[in-house]
Protein chains: 2
Amino acid sequence: MTDTTHAHRIDEPSALLRAAGLRVTAPRVAVLAALREHRHADADTLIATTRARLGSVSTQAVYDVLKALVDAGLVRRIEPAGSPARYEPHTHDNHHHLVCRTCGRIEDVDCAAGRRPCLDVVDDFGFTIDEAEVVYWGQCPDCA
Amino acid sequence: MTDTTHAHRIDEPSALLRAAGLRVTAPRVAVLAALREHRHADADTLIATTRARLGSVSTQAVYDVLKALVDAGLVRRIEPAGSPARYEPHTHDNHHHLVCRTCGRIEDVDCAAGRRPCLDVVDDFGFTIDEAEVVYWGQCPDCA
DNA sequence: ACCTAGAATGGATTCATTCCATAAAACACT
DNA sequence: AGTGTTTTATGGAATGAATCCATTCTAGGT
């Protein structure tokens, strides 16, 4: 914990919450902090981390916080097949994910050449497409 | 139901099962038939359809059948975020899916120019990638 | 026709998540 | 600083999807 007394840095949890029009509460600040520590954490991990930090929080509080953060666009929720939902700070950079089939490890990947993949669909069935989500499945070095 | 007495067509449920080294049972045949009728059906739909066809089947039987079919490569399981698992006959054509955020409708899409998307990842973290799964999110014409 | 491995049954159980009513606390306004 | 209104947290129960288990049944080889 760096000593930043009276900090007003724009990337601080409380500042982020205020900027998003959300009330600043201990659970919210703690969940945001936990999200920074654990990349692609699931709810369980975040509950445990938040609980360790605050002494106690209800399970539902963490779920509520996550929902509020996702709705506000501060957090991104991903749901890889076969694993519970994972959460990451929302970076708005359209990155994708690399998932290990064996251990579930997840890493961020930028799309080749920075272009969004396959934006042109041959037949879109009249759909209005707003996002192309890519998941790369494989084995991580530890599991291979 | 077309009248194909003593049929031996290679794409028939029982032939498919035998070719995959699986025993031919009523629930398996019925689930395969149900999968043809309902594109991207979830377990509930398949259970209901199978039950209607056979008179009765246990819920677990259908789940077991689906697992066996998926393991045998006859069926593909997809799990779009926010909805229960969906199943489709496995076509081995590397197609992707278009999902309506509102009603959950799913359509198949071929990747632009038939190429697999973003095969070259900038940094693969040492992973051995075997599949790139793409989900296009949007609104279907009915929901737009 | 018989035997045995594999499949189906019914019942209970897990896991992740959501719903509900009540109690607490954050921010706006004196 | 005190008060009030509205949002948030709590604790407990409930849901939906899927899986586990022991028992019974059956497909298909001998």
Side-chain angles (χ1 to χ4, degrees), chain A residues 12-32 34 38 40-51 53-72 74-75 77-87 104 106, chain B residues 12-34 40-51 53-72 74-75 77-87 104 106:
Chain A
E12 284 214 19
S14 53
L16 288 172
L17 289 167
R18 256 185 282 268
L22 295 174
R23 289 191 180 179
V24 178
T25 70
R28 287 177 176 176
V29 171
V31 167
L32 278 174
H38 300 89
H40 312 115
D42 59 13
D44 255 11
T45 304
L46 295 170
I47 290 166
T49 308
T50 307
R51 205 159 269 162
R53 185 177 298 253
L54 294 183
S56 79
V57 232
S58 67
T59 300
Q60 292 68 15
V62 177
Y63 274 105
D64 287 351
V65 166
L66 287 170
K67 183 177 186 318
L69 296 177
V70 169
D71 290 349
L74 293 180
V75 166
R77 175 191 176 123
I78 57 177
E79 295 181 50
S83 99
R86 310 289 194 107
Y87 300 87
I106 300 180
Chain B
E12 284 216 17
S14 54
L16 288 172
L17 288 167
R18 257 183 282 270
L22 295 175
R23 289 193 180 176
V24 178
T25 69
R28 287 178 177 176
V29 171
V31 168
L32 277 174
H40 313 115
D42 59 14
D44 256 11
T45 303
L46 295 170
I47 290 167
T49 307
T50 307
R51 205 159 271 162
R53 186 176 297 253
L54 295 184
S56 78
V57 231
S58 68
T59 301
Q60 293 67 17
V62 177
Y63 274 106
D64 287 350
V65 167
L66 287 170
K67 185 180 186 315
L69 297 177
V70 169
D71 290 349
L74 293 179
V75 166
R77 176 193 175 119
I78 56 177
E79 296 180 49
S83 100
R86 310 289 194 107
Y87 300 86
I106 300 180

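Model, not experiment: these values are computed from the prediction. Every chain is numbered from 1, with letters handed out A, B, ... down the list of sequences. Values below: every heavy atom of this structure, side chains too, minus hydrogens, waters and symmetry copies.
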Asker: For a quick test of reading the model, state the closest non-hydrogen atom pair linking A/Leu46 to A/Ala34 and the distance between them.
Answerer: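 Looking at all heavy atoms of both residues, the shortest contact is CD2-CB, 3.8 Å.
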Asker: I need the single residue from A/Leu69, A/Leu54, A/Val57 that forms a side-chain contact (heavy atoms from CB on, under 4.5 Å) with A/Val31. Which is it?
Answerer: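 By the side-chain contact (heavy atoms from CB on, under 4.5 Å) criterion, A/Val31 pairs with just one of A/Leu69, A/Leu54, A/Val57: A/Leu69.
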Asker: Donor-acceptor pair, distance only, cut-off 3.5 Å: does the side chain of A/Arg28 make one with the backbone of A/Arg23?
Answerer: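 Yes; at least one donor-acceptor contact below 3.5 Å.
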Asker: Whole-Å distance between C/dT17 P and B/Glu79 CD?
Answerer: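 Rounded to the whole Å, the gap is 13 Å.
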Asker: Rounded to whole Å, please give me the gap between CZ in B/Arg86 and P in D/dG16.
Answerer: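 Interatomic distance, CZ of B/Arg86 to P of D/dG16: 16 Å.
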Asker: Using a 4.0 Å cut-off on protein heavy atoms (strictly under), produce a 5'-to-3' string for nucleotides 20-30 of chain C with B for base contact, S for backbone-only sugar-phosphate contact, and - for none.
Answerer: ------BS---
Asker: B/Asp42 has an atom CG; how far is it from atom P of D/dA18, in whole Å?
Answerer: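 These atoms are roughly 8 Å apart.
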Asker: Looking at every non-hydrogen atom in both residues, tell me the closest pair between B/Arg86 and B/Gly104 and how far apart they are.
Answerer: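 Minimum heavy-atom contact is NH2-O, 3.3 Å.
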Asker: With sequence neighbours left out, what residues match B/Asp71 under salt bridge (charged side-chain N to carboxylate O under 4.0 Å, His left out)?
Answerer: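 Counting only residues at least two positions away or on another chain, B/Asp71 forms a salt bridge (charged side-chain N to carboxylate O under 4.0 Å, His left out) with B/Lys67.
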Asker: Name the nucleic acid region contacted by A/Ala43, choosing base, sugar-phosphate or nothing; use a 4.0 angstrom heavy-atom cut-off, strictly under.
Answerer: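 Touches sugar-phosphate only.
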Asker: In whole angstrom, what separates A/Leu32's CG from D/dT8's C1'?
Answerer: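 Taking atom C1' of D/dT8 as the reference, CG of A/Leu32 is at 15 Å.
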Asker: Less than 4.5 Å apart, any side-chain heavy atom of A/Leu66 and any of A/Arg77?
Answerer: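 No. Closest side-chain heavy atoms not under 4.5 Å.
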Asker: With side-chain contact (heavy atoms from CB on, under 4.5 Å) as the test, pick out the partner of B/Tyr87 among B/Asp42, B/Val70, B/Thr45.
Answerer: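 Among B/Asp42, B/Val70, B/Thr45, the one that satisfies the side-chain contact (heavy atoms from CB on, under 4.5 Å) with B/Tyr87 is B/Val70.
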Asker: To check you understand the geometry: which heavy-atom pair defines the closest contact between B/Pro80 and B/Pro84, and what is its length?
Answerer: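 Scanning both residues completely, I find the closest heavy atoms to be CD-O, 4.3 Å.
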Asker: Polar atom pairs between nucleotides 13-15 of chain C and protein, under 3.5 Å, N or O only, would you list them?
Answerer:
none

Asker: I need the CG-P distance between B/Asp71 and C/dA7, as an integer number of Å.
Answerer: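 Spelled out: CG on B/Asp71 to P on C/dA7 is 11 Å.
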Asker: Please report the distance, rounded to the nearest Å, between CG in A/Leu69 and P in D/dT8.
Answerer: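 These atoms are roughly 11 Å apart.
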Asker: Could you tell me which non-hydrogen atom of B/Thr50 sits nearest to which non-hydrogen atom of B/Pro27, and how far apart they are?
Answerer: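 Where B/Thr50 meets B/Pro27 most closely, the heavy atoms are CG2-O, 4.4 Å.
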Asker: For the pair made of CG in B/Leu17 and P in D/dT26, what is the distance, rounded to whole Å?
Answerer: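 Taking CG of B/Leu17 and P of D/dT26, I get 18 Å after rounding.
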Asker: Would you mind reading off the distance between A/Tyr63 atom OH and C/dA16 atom C1', rounded to a whole angstrom?
Answerer: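 Rounded to whole Å, this separation is 5 Å.
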Asker: Select from A/Gly21 and B/Thr59 the residue whose nearest nucleotide in DNA chain D is closer to the 5' end of that strand.
Answerer: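 Final value for this comparison: A/Gly21.
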Asker: Side chain of B/Asp44: nearest nucleotide among D/dA18, C/dT17, D/dA17?
Answerer: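 Minimum distance to the B/Asp44 side chain belongs to D/dA17.
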